[in-house]
Structure formats: C-alpha cells, structure tokens
Amino acid sequence: MSALLDRLFIMRGDIIAQACKKSNNALEILEDIYLSHILLLKQYKGFALIYFSDFINFEHPELGQRMRKEIAKDKVKLAEIIEAGKRNEQLATNLGTEQVIISFICLYIMPSMLKSRDLHQFDLEEQTKANWTIFRSALLADKNFT
C-alpha cells in the first residue's frame, strides 16, 4: 500500500507542476489540474477510494497521516494558484481560498468515487464538463466576464 501511495503522490504532484508550467492564468491552471485528475482517476478507478479507505485511515494510521501530509502540500500549491489568480484579477475575490480548494477537490473526487463503485449511472464526460462550468462560474462571479 505504501508503494501505491507513493505512486499516487508522484502523479498528483506532476499534474500540478505540469499545469503551472503551461499557463500563468489561474483559471486555466485549475482547469488543467482538474481535467488531468479526471483522466488519472478514469485510468486508476480505485485511487479515489484510497482517500477514504478504512485500511489507510484507521487500520494503518501512519499511512493516513502520510496521505494527509501530501494532501496538505497540494493544498498549499492550490492556495498559491488561487491567491495569485485573485491578485491578478483572474478569479473572484469574494470566495475564501480554503473553501475554493475543498470545492475544487470535490469536483473530481466525488464523481470518480461514484463511478468507481457504479453507485450512480451517469456519463462521466458530461458530468466533468458540467462540474467545471458550475465551478468556473463561481470563480468568475464578481467579474464582468464569463
């Protein structure tokens, strides 16, 4: 399980780093990270379930602690992207950074969890587009452009 977590952390870190290299626009960076996570979670359906597994969070708390530490690193990077977007007037300033981060993570975690266990029948591509459209609208809510 430790090796699997290592692989997951490396891939997630690469996603964020690559997105930041492609653009200076916070909205474009977030969209790239989002779509890349969706692709990753489509390829490795079980990854989303790792975050919530009893095995990691309760039976092996050292793995859960490691996972939380890595997620905290990702959240710092996401906060930097979001704050830069606010400073550069690319993103709305009326939303708290932490709340944006949690909403952002839920954009890809929840649909992939539902899909990984066939709990709901839906088109993942269609849902991915809808989630981004809704999220993007919120991030631009106090802007005069959409």
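The figures here come from the full heavy-atom set of this structure, side chains too, leaving out hydrogens, waters and symmetry mates.
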Determine yes or no for a side-chain-to-main-chain donor-acceptor pair under 3.5 angstrom, with [X] supplying the side chain and [Y] the backbone.
X     : Y      : value
Asn88 : Gln90  : no
Tyr34 : Thr128 : yes
Ser53 : Ile50  : yes
Lys86 : Leu95  : yes

Is it true that Glu80 and Lys75 make a salt bridge, defined as a side-chain N closer than 4.0 Å to a carboxylate O?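 No, this pair does not count.
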Is a salt bridge present between Glu70 and Lys73, judged by a nitrogen-to-oxygen distance below 4.0 Å?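 Result for this pair is yes, salt bridge flagged.
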Got more than 12 heavy atoms from elsewhere within 6.0 Å of [atom1], [X]?
X     : atom1 : result
Glu62 : CD    : yes
Asp14 : CG    : yes
Arg7  : CZ    : no

Ile33 and its side chain to side chain contact (heavy atoms under 4.5 Å, CB included) partner, picked from Ile38, Asp74, Leu107, Leu78: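 Output: one option passes, namely Leu78.
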When the ring planes of His60 and Phe55 are compared, do they come out parallel, tilted or perpendicular, using 30° and 60° as the limits?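 Tilted: the ring planes of His60 and Phe55 meet at 30° to 60°.
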Measure up the Phe135 and Phe104 rings against each other and bin them: parallel (under 30°), tilted (30 to 60°), perpendicular (over 60°).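 It falls in the tilted class, 30° to 60°.
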Does the side chain of Ile56 come within less than 4.5 Å of Leu5's, by heavy atoms?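 Touching, per the 4.5 Å side-chain cut-off.
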Side chains of Leu27 and Leu140: closer than 4.5 Å at any heavy-atom pair?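 Side-chain contact under 4.5 Å: yes.
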When hydrophobic residues are tied together by side-chain contacts of less than 4.5 Å, even through go-betweens, does Ile134 share a cluster with Phe122?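 In one cluster: no.
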With a 4.5 Å cut-off on side-chain heavy-atom distances among I, L, V, M, F, W and Y, is there a chain of contacts connecting Ile102 to Ile109?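 In one cluster: no.
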May I ask you to check whether Asn131 and Arg136 show a side-chain donor-acceptor distance below 3.5 Å?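 Side-chain D/A pair, Asn131 to Arg136: absent.
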